[in-house]
2 protein chains.
Amino acid sequence: MNDPRRIKDLLYEQVARIGKAASSPKRLELIELLCQGEKTVDALAREAAISMKLASAHLRELRAANLVETEKQGKYVIYRIANRQVADFWVAIHSLAEDRLVELRLVIEQMVSHPKELAPQDRDGLVRLARKGEVVVLDVRPADEYLAAHLPFARSIPLDELKQRLAELPKGKTVVAYCRGPYCLMARDAVDLLRKKGYDALRLPEGVAEWGIAPVR
Amino acid sequence: MNDPRRIKDLLYEQVARIGKAASSPKRLELIELLCQGEKTVDALAREAAISMKLASAHLRELRAANLVETEKQGKYVIYRIANRQVADFWVAIHSLAEDRLVELRLVIEQMVSHPKELAPQDRDGLVRLARKGEVVVLDVRPADEYLAAHLPFARSIPLDELKQRLAELPKGKTVVAYCRGPYCLMARDAVDLLRKKGYDALRLPEGVAEWGIAPVR
DNA sequence: AGCTTATTCTAGTATTCATTAGATTGTTAG
DNA sequence: CTAACAATCTAATGAATACTAGAATAAGCT
């Protein structure tokens, strides 16, 4: 309990707790998932493709940094991000990474970039078109994530139901598909399917976190 | 070189490189120092109170994450942040830490909070008063940091020259002292000194990074 | 009550990281 | 050229971390 450290060190140590939480790829993936809406440990583990034990351990770290909260509901434990600032931080750190790390930009390009990307510049324009019904904004995430938060005027058809529900989409209009954000491939797959079926489809490489829309409980 | 990993993992791994860079207290302190302006390894080590070897090792990490750049000038190596987005990230992570971690707020309160704090709400108001000359905005950081970037209408008197240069300050006006940001104590010490000498002095717990002012090369 | 499922806790291991000391490179000053 | 200094590199150490497996809780379900 002696303290030969500078008082200042205590401050940076606290900030570093946030950095530590953000220093593991898996934890970042969990944060991104939680930005879509609250989820159980089980669901998080499944979607991040890790064991529940490991998910639990990482969530423990996130909770130790006060970035997420939990609520016990019967057999399940529900995790959610502590507030929208956490989602903003996720956007800030992945944006900075995209800005600074060529490697990241290369991987992103390899993964998705075809002529079917929508430049993420003009949000107001997209909303205006969607309001007038001139484009269809399509949320292809699981239904519960759509319920927790979605882009303005978006309609929900989860990716795994898309093939069966194609009839719901008007064929003349451009479909703008989005999912969890730039690292999620559901919208890419949706666009591939839609184009194969003759639709005019584009991928919006942004999600609710990037648009600053916080999930509701 | 086999790759049984999901392609997605590569993305989060890249983002985690930024998180790793931000997971060490010392590296965060170095980033904050570099937000004040470019510096040599030697200067950084001195101001962060660590050995040059350790500073060099940490700076190596920061450069590996592309957050800082270097330039060799004769015997010295000059480090600077790669761009203003890095400074914005520093502000984002320390703000999130202040929002989420009670421990951090407690340490900050213990360190500085007296009745002489200026609430950091009204920047425009402060600038207006400073423009009209109704308050003196005083930058107490070392002179080179003032030259690299400073708040609007601020004048420079480094803390260690303040005692000798008190005559430069008009006694009737409120002096608003600032330094490197909320974790820096130079402004606090300046305010203590000024009040002891009969000045009306307040501490602004923000610096150029928090105001979004990037240092010039 | 027993059985199943969701979650956490405890150990154990392999790996990574922070830090220090010693040797090395490159540059300036005498 | 040599001495002094700035900075980096290498190697070594102890501490922290990610992940796995096994046991322990705890809440439904039958």
Side-chain angles (χ1 to χ4, degrees), chain A residues 4-6 9-10 12-31 33-34 38-65 67-80 144, chain B residues 4-6 9-10 12-31 33-34 38-65 67-80 144:
Chain A
R5 256 182 335 210
R6 297 177 309 154
D9 289 354
L10 297 173
Y12 297 104
E13 263 165 43
Q14 294 301 317
V15 182
R17 286 171 63 190
I18 306 291
K20 282 213 185 78
S23 70
S24 147
K26 304 266 192 282
R27 282 200 287 272
L28 291 170
E29 188 168 2
L30 292 172
I31 290 175
L33 284 167
L34 289 171
E38 55 182 35
K39 290 177 183 296
T40 64
V41 181
D42 182 61
L44 288 165
R46 207 166 343 101
E47 310 217 49
I50 56 180
S51 74
M52 212 166 64
K53 286 171 190 187
L54 184 53
S56 180
H58 279 305
L59 289 166
R60 194 178 192 280
E61 292 296 310
L62 291 178
R63 205 177 38 177
L67 297 180
V68 304
E69 319 176 318
T70 59
E71 180 189 334
K72 182 137 198 186
Q73 279 188 9
K75 199 158 60 157
Y76 299 88
V77 176
I78 312 280
Y79 278 80
R80 65 176 74 94
D144 60 309
Chain B
R5 258 183 331 210
R6 297 178 308 154
D9 289 353
L10 296 172
Y12 297 104
E13 263 165 43
Q14 293 302 316
V15 182
R17 285 172 63 190
I18 306 292
K20 282 213 187 77
S23 69
S24 145
K26 304 263 193 284
R27 281 199 289 272
L28 291 169
E29 188 167 4
L30 292 172
I31 290 175
L33 284 167
L34 288 171
E38 55 182 37
K39 289 178 185 292
T40 64
V41 180
D42 182 64
L44 288 164
R46 208 166 343 100
E47 309 216 50
I50 56 181
S51 75
M52 212 167 63
K53 287 174 190 188
L54 184 54
S56 180
H58 280 305
L59 290 167
R60 194 179 191 280
E61 294 294 312
L62 290 177
R63 205 177 38 177
L67 296 180
V68 304
E69 324 175 313
T70 59
E71 180 189 336
K72 183 138 198 185
Q73 279 189 8
K75 199 159 58 158
Y76 299 89
V77 176
I78 313 281
Y79 278 79
R80 65 176 75 95
D144 59 310

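Side chains included, hydrogens not; waters and symmetry mates left out as well; all remaining heavy atoms used. Chain identifiers are assigned alphabetically (A, B, ...) following the order of the sequence lines, protein sequences preceding nucleic acid strands; residue numbering begins at 1 within each chain.
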Discussion item. So which atom in A:L30 and which in A:A55 form the shortest heavy-atom distance, rounded to 0.1 Å?
Written reply: CD1-O, 4.3 Å

Response to the item:
Residues in residues 41-54 of chain A with a heavy atom under 4.0 Å of DNA chain D, by number, are A:K53, A:L54

Practice prompt. Look at the side chain of B:K75 and decide which nucleotide, out of C:dT7, D:dC19, C:dT28, has an atom nearest to it.
Written response: C:dT28

Item to complete: Let me know, please, whether A:G74 or A:K20 comes out on the 5' side of the other along DNA chain D by nearest nucleotide.
Response: A:K20

Practice prompt. Report yes if a side-chain nitrogen or oxygen of B:S56 is closer than 4.0 Å to either non-bridging phosphate oxygen (OP1 or OP2) of D:dT8; otherwise report no.
Written response: yes

Worksheet item: For A:K26 and D:dA18, what is the distance between atoms NZ and P respectively, to the nearest whole Å?
Response: 11 Å

Fill in: Distance below 4.0 Å between B:R60 side-chain N/O and D:dC9 OP1 or OP2
yes

Worksheet item: Would a distance-only check, ignoring hydrogens and angles, find a side-chain to backbone donor-acceptor pair under 3.5 Å from A:R63 to A:V68?
Response: no

Response to the item:
Between B:Y79 and B:T70, the two heavy atoms sitting closest are CE2-CG2, 3.1 Å

Worksheet entry | Pair B:K20 + B:E61, salt bridge at N-O below 4.0 Å | no

Practice prompt. Assign B:R27 to base, sugar-phosphate, or nothing according to its heavy-atom contacts below 4.0 angstrom with the strands shown.
Written response: sugar-phosphate

Practice prompt. Give a yes/no on whether any side-chain N or O of B:H58 is located under 4.0 angstrom from OP1 or OP2 of C:dC17.
Written response: no

Practice prompt. Would you please confirm or rule out a distance under 4.0 Å between OP1 or OP2 of D:dT8 and any side-chain N or O of B:Y79?
Written response: yes

